[in-house]
There are 2 protein chains.
Amino acid sequence: MTFNDLISGAMTSAGQVRNEPVQARSSERIDALLDAASAVVAEVGIERLTTAMVAERAGASIGTVYRYFPDRIAVLAAMSLRGFERFLRKSVEKLEEHPPATVDDVFSALIDACVQMHRDEPGFTSIRLGDQIALPAVDGGTAASARIAGSLATIVSAELGVADDGSLAGRFDIALTVLDALLVRAFVIDSAGDEQAIAACRAVVAGYLAEAPVAA
Amino acid sequence: MTFNDLISGAMTSAGQVRNEPVQARSSERIDALLDAASAVVAEVGIERLTTAMVAERAGASIGTVYRYFPDRIAVLAAMSLRGFERFLRKSVEKLEEHPPATVDDVFSALIDACVQMHRDEPGFTSIRLGDQIALPAVDGGTAASARIAGSLATIVSAELGVADDGSLAGRFDIALTVLDALLVRAFVIDSAGDEQAIAACRAVVAGYLAEAPVAA
DNA sequence: TGGTCACCGATCGGAACTCGATCATCGCGG
DNA sequence: CCGCGATGATCGAGTTCCGATCGGTGACCA
């Protein structure tokens, strides 16, 4: 089991399109629609996004939006899931580029990936890493950070030889929750990312992970 | 300056009603509308709330909703602000009932108040303590936790004699951000509040505050 | 008691979403 | 290799539903 397995284990059906693309132009169209949705959220926020804005920004027709997404909320959910998957891919990229030696290295890579998402993915600060589009239909099993934490604990145990008394997944879930919240804070303070706030995120997460396990 | 000053310093105009109530029935109606909005968010989520649902649930007419709120998002913003204010009031209540001796006591009271909000205030787990309705029109000065942190730092310095090298407000802002995120997690895991997750929130916040200051 | 506040719901504009017509792509058979 | 037909993709007018308004009526309070 490698870091790459983080991705397949964490995806849900909640943000998938209604018709899986067959032709290349269809795949490209979906990406364009989600790029458009991201840009609209970055500009006006989640609540004010309309499907007409998305269609217009994507250079498509309203009917094309509804070919792939059953409704407005499905567009937001797909955007959220795409962001989540992209975060995972960047994380895996970094973890495979510079194999971590410690848990702290692992989370350092996750923070780097998440900072990059906030900087490169319009609207990510609004949509964040999480579940707010899906709430209240989320529980401890389906929450975004929980979907990563279990696999990550398994992989970290195996790859780094970290002992797991059963609490590692919970601790990672907490660390991911804190990471997401503090990076949103860093990008709310400064849309380019407040460096002190990012540094503080690193310190808080590292400090937490360095402690002896607490029941999660 | 007392803990009670936390409240006046943290409020914004962003969630205020369009017509301030004059008659008692008007105040009661606004409360009923916001109670209704909370119930609807708890059931269907933020995105699916409609003003018709709010009117119906409140036993009012659609025109009554628009007497007090210019639009749908203003209803959500008012609900969010009311939650935030109620959290502050519960916090101040607890802090005045049992005067804290340490920063940890202060945050313990804040956690108790926030847990109580999640339990007693429908929809609070969706709307949380934060700014998501207002995003992206939020910055480091207007963010919810930042609006508390400055006053709290001043009060804690004065009341508890805690030394402040200028970083206390930032540290409190971080602690509040973490507190909010980890309690949302606790109530996502279990809608009654997962006790282990709540305990973990206490430990993480206490652990962070016990450390030597890090630039925020 | 009268002026002001509060409420209602019919109405209209705008957003969400549908569906039938049309266009584009691709694989297969000649 | 090319033409054709089946399938996929797109569009936007039309329909439905939601957001928001406004004029008429009722309630409150000084």
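Lettering follows sequence order; numbering is per chain, from 1.
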Can you tell me how far [atom2] of [N] sits from [atom1] of [X], to the nearest Å?
| X | N | atom1 | atom2 | value |
| --- | --- | --- | --- | --- |
| Asp71(A) | dC17(D) | CG | P | 15 Å |
| Met53(B) | dG19(D) | CE | C1' | 13 Å |
| Glu56(B) | dC8(C) | CD | P | 13 Å |
| Leu76(A) | dA15(C) | CG | P | 16 Å |
| Ile73(B) | dA20(D) | CD1 | C1' | 13 Å |
| Arg48(B) | dC18(D) | CZ | P | 13 Å |

Could you list the residues that satisfy side-chain hydrogen bond (donor to acceptor under 3.5 Å, both in side chains) with Ser151(A), not counting sequence neighbours? none
Listed in order of residue number, which residues of residues 30-42 of chain B have a non-hydrogen atom at under 4.0 Å from DNA chain C? none
Which residues pass the side-chain contact (heavy atoms from CB on, under 4.5 Å) test with Thr177(A), not counting sequence neighbours? Ser145(A), Asp173(A), Ala181(B), Leu182(B), Arg185(B)
Counterpart residues, side-chain contact (heavy atoms from CB on, under 4.5 Å), relative to Gln23(A) (two or more places apart):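 Counting only residues at least two positions away or on another chain, Gln23(A) forms a side-chain contact (heavy atoms from CB on, under 4.5 Å) with Arg25(A).
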So, applying salt bridge (charged side-chain N to carboxylate O under 4.0 Å, His left out) with Asp112(A), which one of Arg202(A), Lys94(A), Arg119(A) is it?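 In the set Arg202(A), Lys94(A), Arg119(A), the residue that makes a salt bridge (charged side-chain N to carboxylate O under 4.0 Å, His left out) with Asp112(A) is Arg202(A).
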If the test is side-chain contact (heavy atoms from CB on, under 4.5 Å), which one of Val115(A), Val205(A), Leu152(A) qualifies with Leu110(A)?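 The option that passes is Leu152(A).
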Less than 6.0 angstrom from the centroid, inside 45 degrees of the normal: does Arg171(B) satisfy that with respect to the ring of Tyr208(B)?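 Cation-pi check for Arg171(B) and Tyr208(B): passes.
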Identify whether NZ of Lys or CZ of Arg in Arg147(B) sits under 6.0 Å from the centre of the six-membered ring of Phe84(B) and within 45° of that ring's axis. yes
Please determine if a side-chain N or O atom of Tyr66(A) lies less than 4.0 Å away from the OP1 or OP2 oxygen of dT18(C).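 No, no such contact exists.
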Between Thr50(B) and dC18(D), is there a contact of a side-chain N or O with OP1 or OP2 at under 4.0 Å?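 So the side chain of Thr50(B) is outside the cut-off, no N or O lying under 4.0 Å from OP1 or OP2 of dC18(D).
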Would you mind building the protein contact string for nucleotides 6-16 of chain D? One character per nucleotide, 5' to 3', B for base within reach (heavy atoms under 4.0 Å), S for sugar-phosphate only, - for untouched. --BBBBBB---
Trace of the ring pair (Phe, Tyr, Trp, His ring centres under 6.0 Å) decision for Phe187(B) with Phe124(B): CA-CA 10 Å; Phe187(B) 283 84; Phe124(B) 192 77; 8.9 Å; no
Per the salt bridge (Lys or Arg N to Asp or Glu O under 4.0 Å) rule, what does the pair list look like for residues 56-67 of chain A, sequence neighbours excluded?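 Listed by first then second residue: Glu43(A)-Arg57(A).
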